[in-house]
Asks: 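Below are the structure tokens for one structure; questions will follow.
Labels below follow one simple rule: chain letters A, B, ... track the order of the sequence lines, proteins then strands, and each chain is numbered from 1. These numbers were taken from a predicted model, which means no experiment stands behind them.
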Amino acid sequence: MSVLAWRRPSLMPGFGLSVGYTVVYLSLIVLIPLSAVFIETSELGWGRFWDTVSAPRVVAALQTSFGASLIAATINAVFGLLVAWVLVRNPFPGRKLIDGLVDLPFALPTAVAGIALTAIYAPTGWIGQWLQPLGLQIGYQPAGIVVALIFIGLPFVVRTVQPILEDLDPEFEEAAVSLGANRWTTFRRVVLPELWPALLTGYALAFARGVGEYGSVIFIAGNMPMVSEIAPLLIVTKLEQFEYAEATAIAAAMLVLSFVILLCINGLQWWRTNRHAA
Amino acid sequence: MSITARAITKRFGAFTALDDINLDVESGDLIALLGPSGCGKTTLLRVIAGMEFPDEGAVLLDGEDMTHAHIQRREVGFVFQHYALFRHMTVFENVAFGLRSRPRRERPSEQAIRHKVHELLELVQLGWLADRFPAQLSGGQRQRIALARALAIEPRYLLLDEPFGALDASVRKELRRWLRHLHDELHVTSLFVTHDQEEAMEVASRIVVMNKGRIEQVGTPEEIYDHPATPFVSTFIGNVNVLKGHISNGRLLSGDWQLPLGEDTPSVAKGASITGYVRPHDIALLRPQATPEAAGLPRGRVHHIQPMGGTYQFEIAPLDPVELLDKSILEVELSRRDAAHLNLAVGETVAMQALTIHWYETAVSQADGDRQQEEVSAETPRRAVAT
């Protein structure tokens with residue numbers, strides 16, 4: 001059977017060329033570097049790999065990284081949706097300015113963001129000093145990691161939900177209201193189902209970014225082993241001690257975990273979309 | 001369940017969408033809002049529904065002032081041009097939406113909802129589609145589901161925005177008839193917006209013709225067609241040939257055409273200029289030598305013959321003076337039988353007789369210096385009928 005048996009007749013030219021290009025490009029940029037991680041890790045063998053990955057300090061770091069990312073992505077999904085909603089539906093003076101501000105976490109060097117957040121949330125910082133007497137400490141605590149990841153991840157949710165919301169015909173809401181639904185019912189039963197796919201994409205992106213984030217987190221986290229140390233920092237620490245195989249082992253564990261979680265999110269999205277398709 | 005609009009004006013920025021609209025709709029009526037796009041018909045519908053609020057004027061529903069009332073107090077069922085069905089809900093869930101969205105105290109039991117929804121789906125003859133999603137339906141089916149959904153809340157008024165606009169011709173024709181039957185069954189006061197005059201004539205008991213934010217005429221389909229109140233209605237409803245002419249000795253003269261003015265025509269200044277409107281089927285064609293009268297009629301040459309099924313359309317280039325406005329070709333429509341009887345061919349000469357002309361006095365203003373600007377006065381619609 002020909003290799004191109006699954007190729008459907010199409011009027012669009014360059015099928016072979018474009019597929020070939022895509023595969024080569026993705027291989028060079030994504031696949032080969034990632035497989036290098038696993039090849040390097042394989043030097044360890046299963047036993048030492050497992051010892052490295054299941055060390056209490058590594059497990060704690062992985063927990064911190066993934067836990068903080070999930071919490072931050074969830075918070076971002078809720079408040080990012082709110083920001084997108086306000087930007088699309090409530091034309092207020094200065095909206096363009098706020099709209100531009102949303103992209104800032106993309107552009108700002110993450111170290112700058114980390115230092116700025118630390119200055120604010122440290123126990124002596126602008127906000128930190130008021131939270132301290134209340135028994136709340138954000139800087140140098142896992143909570144600080146979450147704050148940094150919320151900052152970094154916000155644009156992902158806003159920018160994925162915003163265009164969908166802009167395209168959403170107000171007729172759907174008008175129809176719901178004319179049928180007697182109140183604002184909350186209209187939002188919950190008519191608007192939100194339309195936004196789910198975009199919201200999940202934004203959630204996934206914010207989460208993925210959070211897991212890999214390094215620069216902004218290490219300043220505010222305090223980096224106490226077993227408490228507020230993130231996995232990427234642990235990898236860097238291992239590298240500095242020339243334990244390359246151990247470093248890639250942690251990286252491989254992170255990759256697999258991220259892949260599984262993203263797969264779940266995509267599956268959820270696929271399920272939601274396909275339920276109503278023709 | 002009457003609807004009254006009183007002096008409604010609505011502006012969007014510098015654009016006046018509705019300009020002093022006054023309208024009375026009686027309980028149980030089926031009304032068409034007809035006009036070209038941008039004439040304000042959809043805006044008027046949305047103002048009545050409570051989706052837009054007028055800058056001036058009042059909306060009265062059943063005598064009660066509802067100008068600023070929330071849409072839910074008005075008890076209207078609204079059907080959107082593009083259906084606005086909820087994509088992620090089944091047909092059943094769509095129709096049940098209104099009932100399930102009621103406050104808990106007023107919400108019927110799940111069983112009552114089920115019963116009601118199935119009853120409505122039977123009414124729109126789509127009971128077998130209850131478990132489908134909107135994406136799986138045809139356009140005509142979606143529109144009927146949208147209607148069932150609007151009827152579920154038992155509205156006192158049914159408002160439809162271009163209900164058949166997005167459908168193809170055969171489905172549209174079927175749905176029109178179906179909507180009229182449904183209205184006969186339910187007797188809900190209904191308003192629908194359309195830009196299709198045929199649709200308005202076929203479905204509505206009364207037609208509201210709108211243009212540029214104003215109401216031009218309100219009447220039954222017959223009144224609108226046979227007694228257009230303004231030049232706009234004359235040209236917008238049906239095809240029409242536009243003529244120039246004047247009044248002389250109780251007769252209407254346009255080129256070689258002469259028509260006696262009716263008895264009831266009030267005196268018009270002798271020599272007054274007029275603009276006349278003749279429908280293609282209000283012109284008779286004769287062989288020039290057929291009768292003595294035919295010899296005196298203006299003649300023309302057959303330019304093109306278009307069979308349209310039941311009728312034949314003739315394009316005729318006048319040979320004797322007929323003062324046509326804008327065009328050099330006269331459109332004439334004959335029944336199939338008359339056309340067969342005459343048996344004309346392209347290039348032959350025929351005599352033409354205008355049977356009915358609607359005319360309006362032409363007011364002449366000299367606002368633009370030397371260039372005379374002629375305006376058709378809308379206040380004096382007249383009819384001249386050949387005896």
Asks: Does any heavy atom of chain A fall under 4.5 Å from the side chain of B:His82, the backbone, both, or neither of them?
Replies: both
Asks: Is the number of heavy atoms from other residues, nucleotides or ligands within 6.0 Å of CZ (B:Arg6) greater than 12?
Replies: no
Asks: Evaluate whether atom CZ of A:Phe79 has more than 12 neighbouring non-hydrogen atoms of other residues, nucleotides or ligands under 6.0 angstrom away.
Replies: no
Asks: Does A:Tyr21 have more than 12 heavy atoms from other residues, nucleotides or ligands lying within 6.0 Å of its OH?
Replies: no
Asks: Is any side-chain heavy atom of B:Phe97 closer than 4.5 Å to one of A:Arg189?
Replies: yes
Asks: More than 12 foreign heavy atoms under 6.0 Å from CZ of A:Phe259: is that the case here?
Replies: no
Asks: Measure distances from B:Ala150 to the heavy atoms of chain A and classify the residue's part below 4.5 Å as side chain, backbone, both or neither.
Replies: backbone
Asks: Measure the spacing between CZ of B:Phe80 and CD of A:Glu174 and express it to the nearest 0.5 Å.
Replies: 5.0 Å
Asks: Measure the spacing between CZ of B:Arg102 and CG of A:Leu179 and express it to the nearest 0.5 Å.
Replies: 10.5 Å
Asks: Would one find more than 12 heavy atoms of other residues, nucleotides or ligands at under 6.0 Å from atom NE2 of B:His115?
Replies: no
Asks: Would you say B:Met89 and A:Pro193 make side-chain contact, with heavy atoms under 4.5 Å?
Replies: no
Asks: Side chain, backbone, both or neither: which part of B:Arg73 has an atom under 4.5 Å from a heavy atom of chain A?
Replies: neither
Asks: For B:Arg132, which atoms come within 4.5 Å of any heavy atom of chain A: side chain, backbone, both, or neither?
Replies: neither
Asks: Mark yes when over 12 heavy atoms from residues, nucleotides or ligands other than A:Phe106 sit less than 6.0 Å from its CZ; otherwise mark no.
Replies: yes
Asks: Would you say that more than 12 heavy atoms from the other residues, nucleotides or ligands in this model lie under 6.0 Å from the CD of B:Glu106, or not?
Replies: yes
Asks: For a 4.5 angstrom cut-off between non-hydrogen side-chain atoms, does A:Phe172 reach B:Leu85?
Replies: no
Asks: Indicate yes or no: at least one non-hydrogen side-chain atom of B:His70 is less than 4.5 angstrom from one of A:Val177.
Replies: yes
Asks: Taking B:Gly98, B:Ala152, B:Ala84 one by one, which has the highest count of heavy-atom pairs under 4.5 Å against chain A?
Replies: B:Ala84
Asks: Which distance, rounded to the nearest 0.5 Å, do you find between the OG of A:Ser178 and the CG of B:Leu159?
Replies: 9.5 Å
Asks: Answer yes or no: is there a side-chain heavy-atom contact under 4.5 Å between B:His88 and A:Trp196?
Replies: no
Asks: Above 12 or not: heavy atoms from other molecules or residues under 6.0 Å from CD of B:Glu26?
Replies: no
Asks: Do you know which two heavy atoms are closest between A:Ala181 and B:Gln72, and how far apart they sit?
Replies: O-NE2, 2.9 Å
